[in-house]
Amino acid sequence: MKSKLFTYKIIIPICIIFAALTAFSFWAHSAVVVPRLEKMEYDKEFGIHGTEDGLFLINVIDDGNGKKHGILSLFDGGYYGIQEAYIPSRYDGINITVIEEDSFSEFDCLEKVVIPQSDITTIEKKAFKNTINLKEIYIPSNVTDISSDAFYNCKNFTMYVEEGSYAEKFAVENNIKYEYYTPQPPEQKNTDYSKAKRGYHYNDFNYDVLYYKDEPFCAISYNPMGNDTDLKVPAYIDNIKVTTLSEYAFNDCSVETITLPDTVTTVCSRAFSCGSLTKVYFTKSVSYIDKSAFENSPDVVMCVPKDSYAYKYAIEHNIKFEEINN
């Protein structure tokens with residue numbers, strides 16, 4: 001009798017606990033797992049996605065009638081110093097229809113933008129705000145709505161338009177210089193984007209591989225925990241040219257001297273924000289240095305070839321420099 005009673009005292013609580021755990025598991029699956037799975041499925045279809053070349057972010061949305069369309073949310077290439085933006089007409093078979101607010105704003109590097117013949121109809125407010133070095137933008141007749149402040153603080157650029165188009169009317173009304181052009185249909189490309197990747201590592205460097213004009217390039221940054229004081233930047237990683245020093249590439253590291261290879265063309269914002277830095281050796285290949293590249297580097301000396309872009313940059317920004325042969 002005692003044995004049976006003892007068994008009941010053990011089995012019944014175990015059963016109760018098991019039932020409770022089962023109920024909790026069912027609840028957790030319904031309340032947590034299922035919504036997460038549903039969100040993952042939703043995110044595969046909708047939300048923010050990067051283009052294969054890594055240069056744009058597209059927000060895929062449902063118009064409420066079961067039809068998808070894409071909104072160009074950001075020119076991600078601006079963070080890598082890309083000077084020309086060829087806007088895609090489609091993403092993953094979905095038509096892009098809108099250039100979103102601020103999507104191209106604040107990129108000093110950007111000089112040329114081409115909007116294709118496509119379903120793009122709208123350029124939202126301040127889309128190109130403070131893109132101060134913009135020189136030319138091509139707007140076909142499919143664009144029929146441009147916010148009055150889409151080009152806020154953009155100066156001395158030319159708008160290329162189709163004769164009789166909405167863009168021509170917009171240019172006239174807003175006193176923007178314009179010229180006529182005949183747009184070409186978007187090209188069918190067969191680029192292999194399999195090398196595109198972000199967040200990879202090579203020795204003490206972090207790097208991204210993106211595509212510009214269908215060619216891969218490496219954008220790198222240095223691990224601040226690295227121990228190098230005299231650093232030579234590699235010309236190639238995985239047989240891909242290192243062309244770009246990313247934002248904050250050498251931020252808060254212990255490096256004192258940096259030598260750039262001939263492959264590097266672009267130096268992004270705050271790339272040399274490093275108090276220990278004393279010298280950076282440039283080549284004639286460098287064609288763009290962000291205005292904030294040497295922020296927080298008070299003792300740096302730019303070693304530059306005579307009459308190169310870096311030479312002129314040093315003079316313009318009142319940075320100490322030495323002439324070198326290159």
Side-chain angles (χ1 to χ4, degrees), residues 50 53-55 74-83 106-109 195-212 215-305 308-311 313-314 317 319-322 324 326:
D53 57 14
L55 299 185
L74 182 67
F75 174 51
D76 217 12
Y79 293 109
Y80 296 90
I82 299 299
Q83 296 174 330
E106 309 286 349
F107 291 128
D108 291 353
C109 58
K195 292 180 180 178
K197 53 191 173 185
R198 293 179 187 251
Y200 279 67
H201 308 283
Y202 171 80
N203 294 336
D204 282 327
F205 289 96
N206 303 315
Y207 71 96
D208 297 336
V209 176
L210 300 95
Y211 279 76
Y212 178 53
E215 292 293 327
F217 70 92
C218 273
I220 67 169
S221 60
Y222 185 70
N223 185 343
M225 301 303 291
N227 297 317
D228 295 280
T229 55
D230 184 5
L231 183 65
K232 296 186 187 304
V233 173
Y236 291 85
I237 296 177
D238 289 341
N239 296 317
I240 299 171
K241 277 185 183 180
V242 175
T243 66
T244 304
L245 305 184
S246 300
E247 282 192 297
Y248 297 101
F250 296 94
N251 183 50
D252 290 336
C253 61
S254 59
V255 175
E256 295 176 7
T257 63
I258 297 172
T259 302
L260 303 182
D262 286 337
T263 57
V264 169
T265 61
T266 303
V267 178
C268 295
S269 61
R270 299 174 181 83
F272 297 114
S273 183
C274 176
S276 64
L277 198 58
T278 57
K279 286 189 175 182
V280 180
Y281 290 84
F282 288 84
T283 72
K284 291 181 179 178
S285 300
V286 174
S287 58
Y288 173 76
I289 305 173
D290 188 86
K291 62 185 178 183
S292 66
F294 290 94
E295 188 176 287
N296 300 322
S297 300
D299 301 319
V300 73
V301 175
M302 294 178 65
C303 301
V304 296
S308 65
Y309 175 92
Y311 177 92
Y313 177 95
H317 292 83
I319 297 174
K320 291 176 285 187
F321 69 94
E322 297 176 0
I324 59 173
N326 185 262

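- Take Phe205 and apply the ring pair (Phe, Tyr, Trp, His ring centres under 6.0 Å) test, not counting sequence neighbours, and it matches Tyr222.
- Residues Leu231 and Phe250 have side chains in contact (heavy-atom distance under 4.5 Å, counting atoms from C-beta outward).
- Looking only at side-chain heavy atoms (C-beta outward), Tyr212 and Asp53 stay at 4.5 Å or farther from each other.
- Between the side chain of Thr244 and the backbone N or O of Thr266 there is no donor-acceptor pair closer than 3.5 Å.
- In this structure a side-chain-to-backbone donor-acceptor pair under 3.5 Å is present from Ser297 to Cys274.
- Donor-acceptor pairing under 3.5 Å is recorded for the side chains of Ser269 and Glu247.
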Worked check of salt bridge (Lys or Arg N to Asp or Glu O under 4.0 Å) between Glu215 and Lys241: CA-CA 10 Å; Glu215 292 293 327; Lys241 277 185 183 180; over 6 Å; no
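- Between the side chain of Thr259 and the main chain of Lys232, no donor-acceptor pair closer than 3.5 Å is present.
- Side chains of Asp208 and Tyr79 form no contact here, defined as non-hydrogen atoms less than 4.5 Å apart.
- Annotation: Lys291, atom NZ; neighbour count of heavy atoms from other residues, nucleotides and ligands within 6.0 Å does not exceed 12.
- The closest donor-acceptor contact from the side chain of Arg270 to the backbone of Asn296 lies at 3.5 Å or more, if one exists at all.
- No side-chain N or O of Asp238 forms a donor-acceptor pair with one of Tyr200 less than 3.5 Å apart.
- Put simply, the side chain of Tyr236 never gets that close to the backbone of Thr263: no donor and acceptor are under 3.5 Å apart.
- When atom types are taken as modelled, the side chain of Ser276 and the backbone of Cys253 share a donor-acceptor pair closer than 3.5 angstrom.
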